[in-house]
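Computed from a prediction, not measured in an experiment: that's the story for all the values here.
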Amino acid sequence: MSISFRAAKGGALAVALAGLMLAGAGQATAASEGATISDSASVSIPGTGVVIQANTWNCNFYSDKCSFATSSKALKSGSAYKVETIKNTATVTANGWGATISVSPSATQVSKETARIAWTNTNTWISDISGIADPSGAFSTSITTCSDAYAFKSGSKAWSSACT
């Protein structure tokens with residue numbers, strides 16, 4: 001989409017209107033391209049044939065609050081595979097000048113802009129976390145969600161991380 005205009009009298013008004021039109025165009029594009037952003041990363045647990053996968057998703061655009069989800073999965077030949085311990089740690093950060101964040105469910109506040117939640121399961125293949133981030137601040141522009149996956153199986157362990 002291209003927008004052109006001529007600045008004559010009231011040039012500032014034309015600039016402001018063009019900015020509003022571009023902002024509206026961006027929102028329409030976001031809705032049509034999807035409302036989430038995601039990442040995934042995998043690593044093998046040595047000597048087991050098991051892959052530990054870290055996954056993360058969060059909203060791409062928001063007006064007030066933003067949903068997020070993270071998971072740690074243990075897979076063997078692409079299928080769920082039980083491990084002795086599997087842990088997922090979600091780290092959610094508000095980006096922008098003066099940004100702060102609060103997260104639901106209850107999280108450990110690492111700094112004013114970063115919160116962390118961890119969940120550990122035993123004798124299963126998955127550990128996952130989901131919640132709502134409430135970023136704020138004068139110029140809070142986005143959130144970043146990181147998923148740190150840890151697994152232990154047959155005396156071996158591995159870590160994997162993914163971030164949006």
Side-chain angles (χ1 to χ4, degrees), residues 25-164:
Q27 289 173 352
T29 302
S32 63
E33 290 179 4
T36 63
I37 186 168
S38 64
D39 192 27
S40 183
S42 300
V43 67
S44 296
I45 301 175
T48 64
V50 178
V51 170
I52 179 76
Q53 184 181 74
N55 303 292
T56 183
W57 308 262
N58 64 254
C59 68
N60 199 11
F61 296 97
Y62 62 92
S63 61
D64 182 29
K65 294 182 170 96
C66 182
S67 59
F68 69 91
T70 63
S71 69
S72 298
K73 294 181 180 180
L75 306 168
K76 191 168 186 173
S77 301
S79 297
Y81 189 82
K82 286 184 182 181
V83 292
E84 294 162 41
T85 302
I86 189 160
K87 179 179 180 180
N88 184 252
T89 302
T91 304
V92 184
T93 302
N95 303 308
W97 184 70
T100 62
I101 196 161
S102 62
V103 172
S104 169
S106 188
T108 300
Q109 205 70 34
V110 176
S111 66
K112 66 179 183 160
E113 67 274 348
T114 302
R116 185 171 291 141
I117 305 169
W119 188 259
T120 303
N121 284 331
T122 56
N123 299 314
T124 191
W125 72 283
I126 191 168
S127 176
D128 56 350
I129 298 167
S130 63
I132 303 293
D134 187 2
S136 61
F139 295 100
S140 177
T141 56
S142 64
I143 71 165
T144 299
T145 305
C146 292
S147 174
D148 295 313
Y150 163 84
F152 179 81
K153 175 70 176 172
S154 303
S156 294
K157 52 191 167 185
W159 294 265
S160 183
S161 295
C163 292
T164 58

Student: Less than 4.5 Å apart, any side-chain heavy atom of Ile86 and any of Thr124?
Tutor: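 Yes; the side chains approach each other to less than 4.5 Å.
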
Student: Going through the distances and angles, do Thr144 and Asn95 end up as a side-chain hydrogen bond (donor to acceptor under 3.5 Å, both in side chains)?
Tutor: CA-CA 7 Å; Thr144 299; Asn95 303 308; 2.9 Å; yes

Student: Do you know the tightest heavy-atom contact between Phe68 and Ala90?
Tutor: CE1-CB, 4.3 Å

Student: Restricting to pairs with a member in residues 80-116, which pass disulfide bond (SG atoms under 2.5 Å apart), not counting sequence neighbours?
Tutor: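 Counting only pairs at least two positions apart or across chains, no disulfide bond (SG atoms under 2.5 Å apart) contact touches residues 80-116.
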
Student: Please list all pairs passing the ring pair (Phe, Tyr, Trp, His ring centres under 6.0 Å) test where one or both residues lie in residues 106-134, with sequence neighbours left out.
Tutor: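 Every pair satisfying ring pair (Phe, Tyr, Trp, His ring centres under 6.0 Å) with a residue in residues 106-134: there are none.
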
Student: Applying side chain to side chain donor-acceptor pair (under 3.5 Å), name anything that partners Ser102, two or more places apart in sequence or on another chain.
Tutor: none

Student: Applying side chain to side chain donor-acceptor pair (under 3.5 Å), name anything that partners Thr108, two or more places apart in sequence or on another chain.
Tutor: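 By the side chain to side chain donor-acceptor pair (under 3.5 Å) rule, Thr108 matches no residue at all.
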
Student: From Asn121 CG over to Thr85 OG1, what is the distance, rounded to the nearest 0.5 angstrom?
Tutor: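 Separation between the atoms: 9.5 Å.
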
Student: Please enumerate all residues that pass side chain to side chain contact (heavy atoms under 4.5 Å, CB included) together with Ala69, with sequence neighbours excluded.
Tutor: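 Per chain and number, Ala69 pairs via side chain to side chain contact (heavy atoms under 4.5 Å, CB included) with Trp57, Ser130.
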
Student: Test side-chain hydrogen bond (donor to acceptor under 3.5 Å, both in side chains) on Ser147 and Asn55; report intermediate values, then the result.
Tutor: CA-CA 6 Å; Ser147 174; Asn55 303 292; over 6 Å; no

Student: Name all residues meeting the side chain to side chain contact (heavy atoms under 4.5 Å, CB included) criterion together with Ser42; count only those two or more places apart in sequence or in a different chain, and write none if there are none.
Tutor: Val51, Gln53

Student: If I compare all heavy atoms of Ala151 with all of Ile52, which pair ends up nearest, and what's the gap?
Tutor: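 Heavy atoms only, the tightest pair is CB-CD1, 3.5 Å.
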
Student: Hey, are the side chains of Val92 and Thr70 touching, using non-hydrogen atoms and a 4.5 Å cut-off?
Tutor: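 They are not in side-chain contact.
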
Student: Output all residues satisfying side chain to side chain contact (heavy atoms under 4.5 Å, CB included) with Ser136, sequence neighbours left out; order by chain, then residue number.
Tutor: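 So Ser136 forms a side chain to side chain contact (heavy atoms under 4.5 Å, CB included) with Thr100.
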
Student: Could you go step by step and tell me if Ser71 and Asp128 meet the side-chain hydrogen bond (donor to acceptor under 3.5 Å, both in side chains) rule?
Tutor: CA-CA 4 Å; Ser71 69; Asp128 56 350; over 6 Å; no

Student: Working to the nearest 0.5 angstrom, can you tell me the gap between Ile143 CD1 and Glu113 CD?
Tutor: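 If we round to the nearest 0.5 Å, Ile143:CD1 and Glu113:CD are 13.5 Å apart.
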
Student: Identify, with sequence neighbours excluded, every residue that meets side chain to side chain donor-acceptor pair (under 3.5 Å) alongside Thr48.
Tutor: none

Student: Please collect all side chain to side chain donor-acceptor pair (under 3.5 Å) contacts where either partner lies in residues 152-164, sequence neighbours excluded, each pair once.
Tutor: Asn58-Thr164, Asp148-Ser161

Student: Run the numbers on Gln109 and Ile101 for side chain to side chain contact (heavy atoms under 4.5 Å, CB included), then give the verdict.
Tutor: CA-CA 9 Å; Gln109 205 70 34; Ile101 196 161; 3.8 Å; yes

Student: Look up atom OG1 in Thr122 and atom NZ in Lys82, then write down how far apart they are to the nearest 0.5 Å.
Tutor: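 NZ of Lys82 is found 10.5 Å from OG1 of Thr122.
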
Student: Apply side chain to side chain contact (heavy atoms under 4.5 Å, CB included) to residues Thr91 and Val110 and explain how you reach the verdict.
Tutor: CA-CA 9 Å; Thr91 304; Val110 176; 5.7 Å; no

Student: Within a strict 4.5 Å, meaning less than it, do heavy atoms of the Ile129 and Thr89 side chains meet?
Tutor: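 Of all side-chain heavy-atom pairs linking Thr89 with Ile129, none is under 4.5 Å.
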
Student: Does any N or O in the side chain of Thr56 come within less than 3.5 Å of the main-chain N or O of Thr145, such that one atom is a donor and the other an acceptor?
Tutor: yes

Student: Using a 6.0 Å cut-off, check whether atom NZ of Lys76 has over 12 heavy atoms from anything other than its own residue.
Tutor: yes

Student: Would you call Pro105 and Ile117 a side-chain contact if the rule is heavy atoms closer than 4.5 Å?
Tutor: yes

Student: State, to 0.1 Å, how close Ile45 and Ala158 come at their nearest heavy-atom pair, and which atoms those are.
Tutor: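 Heavy atoms of Ile45 and Ala158 come nearest at CG1-CB, 3.8 Å.
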
Student: Is there a donor-acceptor pair under 3.5 Å between the side chain of Thr120 and the backbone N or O of Lys87?
Tutor: no

Student: Can you pull the disulfide bond (SG atoms under 2.5 Å apart) pairs that have at least one residue in residues 66-134, sequence neighbours excluded?
Tutor: Cys59-Cys66

Student: Show every ring pair (Phe, Tyr, Trp, His ring centres under 6.0 Å) that has at least one partner inside residues 70-109, sequence neighbours left out.
Tutor: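 Those involving residues 70-109 are Trp97-Phe139.
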
Student: Go through the structure and list residues passing side chain to side chain donor-acceptor pair (under 3.5 Å) with Thr93, not counting sequence neighbours.
Tutor: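 Side chain to side chain donor-acceptor pair (under 3.5 Å) check on Thr93 returns Thr114.
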
